[in-house]
Amino acid sequence: MLSNKRIQELELVMEFEKVEECFKEVSSWIENVGRKGLKETVNLDDSLEMLLQAQKQFKEFDLVASEYCKRGQEALKKMDRWEDFSSVDVHSYRVKLQTYRDQLEEFCTELDETRHRICETVRLYEFFDKVRQGICCTEEGVKS
């Protein structure tokens, strides 16, 4: 049984090394491109037109970012079996795996929050724009 467990651990290490390239690629994109893209959406402009432009740009970024999140999550799913192994030899790989998992979860959460914030901000600006137009029309009617 001990021998079989050791063989399974070695197989997992080999599998991890194959999947690690995907992790490195996703991690590199998050750090070099993804975080920068999210930071660009922190300050949204205060006109509806500019906000709609920012939303359009974010949607393009979001498509790419979501694909990286999906690829990272699929790679992590392949490594779910690691949770059953606790040997010292596997520990360093589990630490790396947890680091990738934490980074991916944090980025995907930030992406979701940014997507929601932009959508809600656009809806709010559209509402205020309609209210402003209604007030202007009402004022013009009163003046006539």
Side-chain angles (χ1 to χ4, degrees), residues 1-140:
M1 285 179 62
L2 192 58
S3 176
N4 285 345
K5 185 171 182 165
R6 182 70 179 146
I7 289 172
Q8 288 177 333
E9 288 175 355
L10 291 173
E11 288 172 350
L12 282 173
V13 168
M14 290 174 16
E15 185 179 345
F16 180 85
E17 290 173 355
K18 291 178 188 174
V19 175
E20 188 174 27
E21 284 304 311
C22 179
F23 289 141
K24 285 181 179 179
E25 182 183 339
V26 170
S27 178
S28 175
W29 186 89
I30 287 172
E31 291 305 318
N32 298 321
V33 180
R35 296 215 185 275
K36 181 182 175 187
L38 288 178
K39 284 180 183 176
E40 290 174 359
T41 63
V42 169
N43 297 321
L44 298 172
D45 291 313
D46 49 348
S47 75
L48 180 58
E49 183 179 314
M50 295 300 286
L51 186 58
L52 290 172
Q53 180 65 28
Q55 183 183 38
K56 180 181 176 189
Q57 290 172 349
F58 178 78
K59 282 183 180 182
E60 293 169 7
F61 167 79
D62 188 27
L63 286 172
V64 175
S66 294
E67 184 59 33
Y68 275 96
C69 287
K70 181 180 173 185
R71 287 174 54 198
Q73 289 165 344
E74 287 171 356
L76 285 172
K77 194 175 273 188
K78 290 178 184 178
M79 304 310 302
D80 279 347
R81 297 185 306 159
W82 280 80
E83 303 304 320
D84 299 337
F85 293 92
S86 59
S87 77
V88 174
D89 297 334
V90 177
H91 180 72
S92 64
Y93 293 99
R94 290 181 70 192
V95 169
K96 283 184 184 180
L97 187 61
Q98 188 60 46
T99 301
Y100 290 129
R101 179 177 281 118
D102 293 345
Q103 179 192 38
L104 183 65
E105 287 176 3
E106 178 186 341
F107 178 77
C108 292
T109 299
E110 287 179 34
L111 182 65
D112 289 341
E113 289 171 353
T114 302
R115 184 184 309 117
H116 179 73
R117 183 174 51 85
I118 289 174
C119 182
E120 289 301 308
T121 304
V122 166
R123 288 180 53 210
L124 186 62
Y125 271 69
E126 288 172 339
F127 171 75
F128 284 130
D129 195 50
K130 287 178 184 177
V131 169
R132 185 184 54 77
Q133 288 175 1
I135 291 172
C136 289
C137 291
T138 304
E139 288 176 354
E140 287 176 12

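In this chain, numbering begins with 1 at the start of the sequence shown. Everything numeric here is computed off the predicted structure, so don't read it as measured data.
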Q.
Taking the side chain as everything from C-beta on, heavy atoms only, tell me whether Tyr68 gets closer than 4.5 Å to Leu104.
A. no

**Q.** Candidate pair Gln98 and Val95, rule side-chain contact (heavy atoms from CB on, under 4.5 Å), full reasoning
**A.** CA-CA 5 Å; Gln98 188 60 46; Val95 169; 5.8 Å; no

**Q.** CD-SG distance between Glu105 and Cys69, expressed to the nearest 0.5 angstrom
**A.** 10.5 Å

(Q) Give me each pair satisfying salt bridge (Lys or Arg N to Asp or Glu O under 4.0 Å) with a member in residues 117-129, each pair once, sequence neighbours excluded. (A) Glu120-Arg123, Asp129-Arg132

Q. Please walk me through it: do Phe23 and Met79 pass side-chain contact (heavy atoms from CB on, under 4.5 Å)?
A. CA-CA 11 Å; Phe23 289 141; Met79 304 310 302; 4.0 Å; yes

Q. Which residue pairs pass the salt bridge (Lys or Arg N to Asp or Glu O under 4.0 Å) test when at least one of the two sits in residues 54-70, sequence neighbours left out?
A. Asp62-Arg115

Q.
Taking the side chain as everything from C-beta on, heavy atoms only, tell me whether Phe128 gets closer than 4.5 Å to Leu48.
A. no

Q. So do the side chains of Cys108 and Gln73 get within less than 4.5 Å of each other, counting heavy atoms only?
A. yes

Q. Of all residues at least two apart in sequence or in a different chain, which pass the ring pair (Phe, Tyr, Trp, His ring centres under 6.0 Å) check with Tyr125?
A. none

Q | All side chain to side chain donor-acceptor pair (under 3.5 Å) counterparts of Ser28, not counting sequence neighbours | A | Asn32

Q) What class does the angle between the rings of Tyr100 and Phe16 fall in, given that below 30° is parallel, 30 to 60° is tilted and above 60° is perpendicular? A) tilted

Q: Any pair with a residue in residues 22-35 that passes salt bridge (Lys or Arg N to Asp or Glu O under 4.0 Å), sequence neighbours left out, goes on the list, sorted by first then second residue, please.
A: Glu25-Arg71, Glu31-Arg35, Arg35-Glu106, Arg35-Glu110

Q: Could you pull out all residues at least two apart from Glu17 that satisfy salt bridge (Lys or Arg N to Asp or Glu O under 4.0 Å)?
A: none

Q) What's the verdict on side-chain contact (heavy atoms from CB on, under 4.5 Å) for Phe61 and Thr41, showing C-alpha distance, side-chain angles and the deciding distance? A) CA-CA 11 Å; Phe61 167 79; Thr41 63; over 6 Å; no

**Q.** Distance (rounded to the nearest 0.5 Å) between Leu52 CG and Ser47 OG
**A.** 8.5 Å

